[in-house]
Amino acid sequence: MLNKYNFRESETKWQKFWQENNVYKFDINSKQPIFAIDTPPPTVSGHIHIGHIFSYSQAEFMARFKRMTGYNVFYPFGFDDNGLPTERLVEKEKKIKAHEMSREEFGNLCREVAQKYEQEFKEMFIKAGNSADFNLLYSTASPSVQKASQKSFIELAKNKLAYYAEKPAIWCPECRISIAQAELESKDIPSFFNYLHFPLSDGSGCLEIATTRPELLSACVCVFVHPDDKRYIDFVGKKVIVPFYHFEVPVLTDDKVSLEKGTGAVMCCTFGDETDLFWQEKHFLPIKTAIDDGGRMTQLAGEFAGLKIKVARESIIEKLKQSKELYKQENIIHAVSTHERCGTPMEINIKKQWFIDLMSHKKEFLELGNKINWFPSFMKSRYLNWVENIDRDWCISRQRYFGVPIPVWYCKNCGEIVFAEEKQLPCNPLTTQPLHACYKCGGKDFEPEKDIFDTWQTSSITPLINAKWIDGENNELIKKIYPMSLRPNAHDIIRTWDFYTIVKSFYHTNSLPWKNVMISGFVMADKDNKISKSKNNAKFNPSDLINEKSADVTRYWASTGSLGRDIIFSDEEMKNGAKLVNKIWNASKFVLSFLQNYQPKEIELTLIDQWIIAKFNNMQKNFINYFERYEIGLAIGELEKFFWNFCDNYIEIAKRRLYNPDVYGEDATESAKFSSFMVLKEMLKMFAIYLPHITEEIYKDFYENYEHEISIHKTLLKQISCHFDKKLSLEEIIKLGDDACEIVTSVRRFKSENNLSLKEEISSINISGFSQSINLLEQDIKAVCTVKNICYDNKNKEKQIIINK
RNA sequence: GGGGGUUUAGCUCAGUUGGUAGAGUACCUGCCUUACAAGCAGUGGGUCAUAGGUUCGAGUCCUAUAAUCCCCACCA
């Protein structure tokens, strides 16, 4: 018999039980259809926050729904624990810098710290009631995943889809690494427009030029004006003298120059921004490098050499002011592309690096995006919009330490690229040698590649990792789970994780990685603010939240968000969840108190019992339809509405029969028992998707004896079958019950308006305008609102309820 | 500048194919009713952002406009 519900005890107990009994284990031999989820491996870069719980819960509800509707669910878990985010975490936590120690030493520290966080992550997800199969755990830093990542790279390189090239790439001087277009974030930054004099070398005049980057004057290679700009027509073809450095550069024309911006004349440096890059390539301009990898000025900058970009800029402005070469300054706020991880403005740097070809297959990537079902559908536009606007290949070389090594060597003799062989993988070229001499020249001296991969190079193959692609493209698992059914993630990584995964799957398997993508929103602290790490206080700390309110209630809150939309963290919704959990407990305790030793028998049911079952079946159909559309919030809304109706109307009506079989008869009582037994059972199963703990507690206490599954989470959602009255249609049964509720409501209103207690007896009511069959429910109406007599006025067609006290 | 979301009750949001505006919550009122006062019952509260259009009929379809949020571009 159920006592008081103690969620702290109960939740831990069942979590342990589920793990020990492998309740969520994927069974590769099962004959059920498979639903495979490409779970996002959380980045190991700090603590779990409430946004994780929100976003993961939504996918988790899908997993549970699919499990309970007959699918064999492949729901793995992973950690993304290599690369810059983990390095930063380790540097911060251990108060060290990666470059101050050997790569091996640093790697060990990374593994140590990552392991600690991964344990915490895993515990946190289990604590939130997550039903991933932790037997399917992977980590992107593990040898097998490294092997898959390297194999992917080598395969692409051999198919000319990955290539090694010396070309300008986006560079973060703070992190000292190349970054991809997808890692840029536009930021509005205050700056100055500095107006400078560029005198003509022949002394015949002076060109005025506005620049935000005077520190790059030493890298100036030419000046551009628009070919149609009449103001500067006489300058074209002549030479001007660069201020401060006093060397000459030509005045050229290009129609990309804006007539309105600045003075209409622009200096081109290699490289100040991407337009400079464009011009350098188009006009075959020389390349001058004024900034080094660490964001300091080079010898080219003369007396500013060694200064950081910002300092150099301030210094040269002072000098230019003194020399009067700077004649005007204007405050502006301009958009600057920055590295999303550190906020530092990007630079352009030329290095020999590895790239993955994106530009040649944009059309295919767009087509593939169109073939995927996006939930919500409008998120597809974001993907298509991004792919359309991609304008460079994906640079995957990262000049860092803890990550997947690029498995190649370069022949010291002839420069030939030598790839690791598959049997060598995973391979660190710094500590191993190629298995053969150079194929081209026979040389035996190799220069190992020092760079590692962008983390996305690895995480873009999570469907292949999950499918054990590394074991061969025809292994049993890949045939079963690939393409996967579902990719869930938040909207911020559509352009990275979703896009790159589509790219990789297309290149490797000529197929989609998954059929459906489900996009969740962010959790906001309030209307304007994301929950950031700095705001990760007790209110938003998932562990504290769960300790205080329970995992079920936290999950309930997560279920109320709608797909793709940001949600504001709400105490109100938490309260509603707590009320719901409490109500489920009380209602179950009450109903089950009448069902001890009950043996369900299919008997003829009273009309009102048929009504609640018919309503349930309809509700369940709607619930399933919502889930098929990934509308998790609407699904629970439907269930909740039914549940409260069940409590407030059905139980109120049925309890008289349950209490007093001698008054109402054995058959009527059996009918009430059957209906409440069935409806509660099936409702609990549906609630189990959202509230796995409390429902399990009730199930294990009572329903396990009937369902013969060790956990409610192994049961299937079912329609309730019973003998419905053959003289009435299901619609009529539902209509009659709803009409009865309407009559009850009128009586209750009357009592409420007259300040009467609800148990006050009403001598009679006159009703008209209802179906004649309403008299079949007379007993129930009378019982629930304590009415002595009901009179039917069959002549009056107008719907009326008259109450006589 | 390009793309997308949102706009419905004080608040948070539902509203399927066009057919009398919904829920929860808050407010207010009543009720200790043989599960639950963390409960039950009930009242009030909306020019469906604005302006046009299509239609017998528009929250819903079409066209503009506005506000607001997001993505992309804008970096001289």
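Chain letters run A, B, ... following the sequence lines, proteins first, then strands; residues in each count from 1. Values reported hereafter were calculated over all heavy atoms of this structure, with side chains retained and with hydrogens, waters and symmetry mates removed. On a predicted model such as this, the values are computed, not experimentally measured, just so you know.
In this structure, the CH2 atom of A/W497 is 20 Å from the C1' atom of B/C71, given to the nearest Å. One interatomic measurement links the two molecules: CD of A/Q181 to P of B/C74, which rounds to 9 Å at whole-angstrom precision. The separation between A/L639 atom CG and B/G24 atom P is 15 Å, rounded to whole Å. With rounding to whole Å, A/D276 atom CG is found 10 Å from B/C75 atom P. When the P atom of B/A38 is taken as reference, atom NZ of A/K4 falls 11 Å away, rounded to whole Å. The separation between A/F750 atom CZ and B/C31 atom C1' is 15 Å, rounded to whole Å. Atom CG of A/L580 is separated from atom P of B/U25 by 11 Å (rounded to the nearest Å). In this structure, A/L680 places its CG atom 16 Å from P of B/A35, rounding to the nearest Å.
Ring planes of A/Y650 and A/F646: parallel class, angle under 30° (limits at 30 and 60°). Using the six-membered ring where Trp is involved, A/W456 and A/Y500 have ring planes that are tilted, between 30° and 60° apart. Between A/F224 and A/W279, the ring-plane angle classifies as tilted under the 30° and 60° cut-offs.
Look at B/G59: it lacks any Watson-Crick or wobble partner with both distances under 3.5 angstrom. Both distances falling under 3.5 Å, in either a Watson-Crick or a G-U wobble arrangement, place B/G24 opposite B/C11. Searching all strands for a Watson-Crick or G-U wobble partner of B/U6 with both distances below 3.5 Å returns B/A67. Pair assignment for B/C48 gives none, since no Watson-Crick or G-U wobble pairing has each distance under 3.5 Å. Nucleotide B/G1 has B/C72 as its partner under the Watson-Crick or G-U criteria, with both atom distances under 3.5 Å. Across all strands shown, the partner of B/C40 is B/G30, judged by Watson-Crick or G-U wobble contacts whose two distances both fall under 3.5 Å.
Within the nucleic acid shown, A/F193 comes within 4.0 Å of sugar-phosphate atoms alone, with no base atom in reach, counting heavy atoms only. Across all strands, A/E652 comes closer than 4.0 Å to base atoms (heavy-atom distances). Across all strands shown, A/K579 has heavy atoms under 4.0 Å from sugar-phosphate atoms exclusively, and none from any base. Residue A/C269 is classed as having no contact, given no heavy-atom separation below 4.0 Å to the nucleic acid. Residue A/S186 is in base contact, counting any heavy-atom pair closer than 4.0 Å across all strands shown. The residue A/A578 sits apart from the nucleic acid: no heavy atom pair falls under 4.0 Å. Nucleic acid contact class of A/W557 (heavy atoms, under 4.0 Å, all strands): none. Residue A/N385 is classed as a base contact, given a heavy-atom separation below 4.0 Å to a base. Using a 4.0 Å heavy-atom cutoff across all strands shown, A/L634 reaches sugar-phosphate atoms only and no base atom. If you check every strand for non-hydrogen atoms under 4.0 Å, A/V257 touches a base.
A gap of 42 Å separates the C1' atoms of B/U47 and B/U33, to the nearest Å. Comparing the same atom, C1', in B/U54 and in B/C61 gives a spacing of 8 Å after rounding to whole Å. Between B/U60 and B/G44, the distance separating the two P atoms is 26 Å to the nearest Å. B/G4 and B/C62: their P atoms are spaced 13 Å apart (whole Å). Taking atom P on both nucleotides, B/G15 is separated from B/A49 by 15 Å, rounded to a whole Å. B/C40 and B/G45 have their P atoms separated by 24 Å, with the value rounded to a whole Å. Nucleotides B/G19 and B/G57 place their C1' atoms 7 Å apart, quoted to the nearest Å. The same atom, P, is picked in B/U63 and in B/C27; the two are 43 Å apart, to the nearest Å.
You'll find that the side chain of A/R748 is closest to B/A41, out of B/C72, B/A41, B/C36. Of all nucleotides listed (B/A35, B/C75, B/A41), B/A41 comes nearest to the side chain of A/L758. Checked against B/U33, B/C74, B/C36, the side chain of A/S757 finds its nearest nucleotide in B/U33. Looking at the side chain of A/Y659, the nearest of the listed nucleotides B/G30, B/U34, B/C74 is B/U34. Closest to the side chain of A/I651, from the set B/A35, B/A76, B/C36, is B/A35. The side chain of A/T745 lies closest to B/G42 when the candidates are B/G3, B/A14, B/G42.
Heavy-atom neighbours of A/K735 NZ from other residues, nucleotides or ligands within 6.0 Å: at or below the threshold of 12.
Side-chain N/O atoms of A/K655 include one lying less than 4.0 angstrom from OP1 or OP2 on B/A35. The phosphate of B/C40 (OP1 or OP2) has no side-chain N or O of A/K759 nearer than 4.0 angstrom. When the side-chain nitrogen and oxygen atoms of A/R565 are compared with OP1 and OP2 of B/A14, one or more of them lie within a distance under 4.0 Å. At B/C75, none of the side-chain N or O atoms of A/K256 fall inside 4.0 Å of OP1 or OP2 (strictly under the cut-off). Side-chain nitrogen and oxygen atoms of A/H334 include at least one within less than 4.0 Å of the OP1 or OP2 phosphate oxygen of B/A76. Listed pair A/T212 / B/A76 meets the phosphate criterion, a side-chain N or O lying under 4.0 Å from OP1 or OP2.
The existence of a salt bridge linking A/E652 and A/K655 is confirmed by a sub-4.0 Å separation between a basic side-chain nitrogen and an acidic carboxylate oxygen. Between A/E742 and A/K799 there is a salt bridge, since at least one side-chain N of the basic residue sits less than 4.0 Å from a carboxylate O of the acidic one.
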### Task
Would you sort out whether A/Y664 and A/Q779 count as a side chain to side chain donor-acceptor pair (under 3.5 Å), showing the intermediate values?
CA-CA 9 Å; A/Y664 294 92; A/Q779 287 280 336; 5.3 Å; no
### Query
For A/E697 and A/Y5, what are the C-alpha separation, side-chain angles and deciding distance, and is it a side chain to side chain donor-acceptor pair (under 3.5 Å)?
CA-CA 9 Å; A/E697 181 78 35; A/Y5 180 59; 5.7 Å; no
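Remark: the A/K751 side chain and the B/A41 base include no donor-acceptor N/O pair separated by less than 3.5 Å. No donor-acceptor contact under 3.5 Å links the side chain of A/S588 to the base of B/A35.
Nearer the 5' end of RNA chain B, as judged by each residue's closest nucleotide, is the contact made by A/N755, out of A/N755 and A/I209. Toward the 5' end of RNA chain B, the nearer of the two residues A/S381 and A/T211, judged by each one's closest nucleotide, is A/S381.
Put simply, the side chain of A/N660 never gets that close to the backbone of A/D662: no donor and acceptor are under 3.5 Å apart.
A donor and an acceptor atom, one from each side chain of A/N373 and A/Y630, are nowhere located under 3.5 Å apart.
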